[in-house]
Amino acid sequence: MADQVFETHRGRLHALAYRMLGSHADAEDAVQDVWLRWRATAKDDIRDATAWLVRVCSNICLDVLKSARRQRENYVGQWLPEPWAPVVEAEAENNLIERDGLGQAYVMMLERLGPVERVALVLHDVFDWSHEEIAPVIERTENNTRQILFRARRKVNREHDRDPTPVPDSEAADKGQGAAFAFVDALIGGDLQALIGQLAPNVIMHSDSGGKAPAAANPIYGAEKVARFFTGVWRKKAENAVESIAFDGTDYWLLLHEGDSLVSAVGFAQKDGAVVDIFVHRNPDKLVFLQHLGRA
């Protein structure tokens, strides 16, 4: 029975840990640690299994987050969270976790926060925990927790011309589909002005290759620079390259295959009808999470 209880929560815990850590391997490690602690704990002492599991998972993620930034100092080039890959069937997933907060834009937005702020915001905004429930997880008083959430919300809602990643909304997926198709049409047509027209003036292009494939070493800012970069790269793509658009349950992606290999994945975040962030994955270790996707 205890094993069954845990398994019904596995999808929720993985999604929680993924939001916190941006890595499926780290998320799975965190869930495994929760499992070991669950097995070692007397179940008679646990009044609310869901709350206990979420609290323990959050504490484990908090410890990981405190070391994650030091680990990334050794990462080659820009770092992006791994694309979301559901670990449970879509029908069951809808009953376990909310869709908002699993896309690139949301997880990148959380990167602005310190570890305690990140845990508090996810528990409050995604899992609807109260300040009283969050306080013992982050080892703060209830009043301190309110202040931490206030500061966190100010950070994620700021609109700076070099940091425009928007807070995702419930219609993000539908908007992402339109952005992806419009972007691809302009790119394939070689229409620079049409491409610029899809982008916000302060758009940022983020690229992640982990040093394992050619990619822009630093973010590229501004609609014209980003558009010229893409049109230049697109003219040089391999003759056997095939592009398609796919949906991973949260984000739409422009996928570029060379033969049987997925070599690039491009995701989009929109605000006010324009693309404000572009996420380019070139690291084969992260592209593996999109290999199974078909055309949207």
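Both backbone and side-chain heavy atoms feed into the values below; hydrogens, waters and symmetry mates do not.
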Between [X] and [Y], does at least one N-O distance fall below 4.0 Å, as a salt bridge requires?
X      : Y      : value
Arg153 : Asp125 : yes
Arg118 : Glu111 : yes
Lys212 : Asp285 : yes
Glu28  : Arg10  : yes

*Should the ring pair Phe279 and His206 be called parallel, tilted or perpendicular, given that the plane angle runs from 0 to 90° and is split at 30 and 60?*
parallel

*Aromatic rings His14 and His24: how do their planes relate, parallel, tilted or perpendicular, breaks at 30° and 60°?*
parallel

_Six-ring centre of Trp52, Lys43 cation under 6.0 angstrom, axis tolerance 45°_ = no

*Of the options Leu113, Ile148, Ile138, which is the one that meets Val119 in a side chain to side chain contact (heavy atoms under 4.5 Å, CB included)?*
Ile138

*Are any side-chain N or O atoms of Arg282 and backbone N or O atoms of Pro214, one a donor and one an acceptor, separated by less than 3.5 Å?*
yes

*asked:* Less than 3.5 Å apart, any donor N or O on the side chain of Ser244 or His257 sitting next to an acceptor on the other?
replied: no

*No-hydrogen, no-angle side-chain donor-acceptor test under 3.5 Å, Asp208 and Tyr75*: yes

*Partners of Asn144 by side chain to side chain donor-acceptor pair (under 3.5 Å), sequence neighbours excluded?*
Thr141

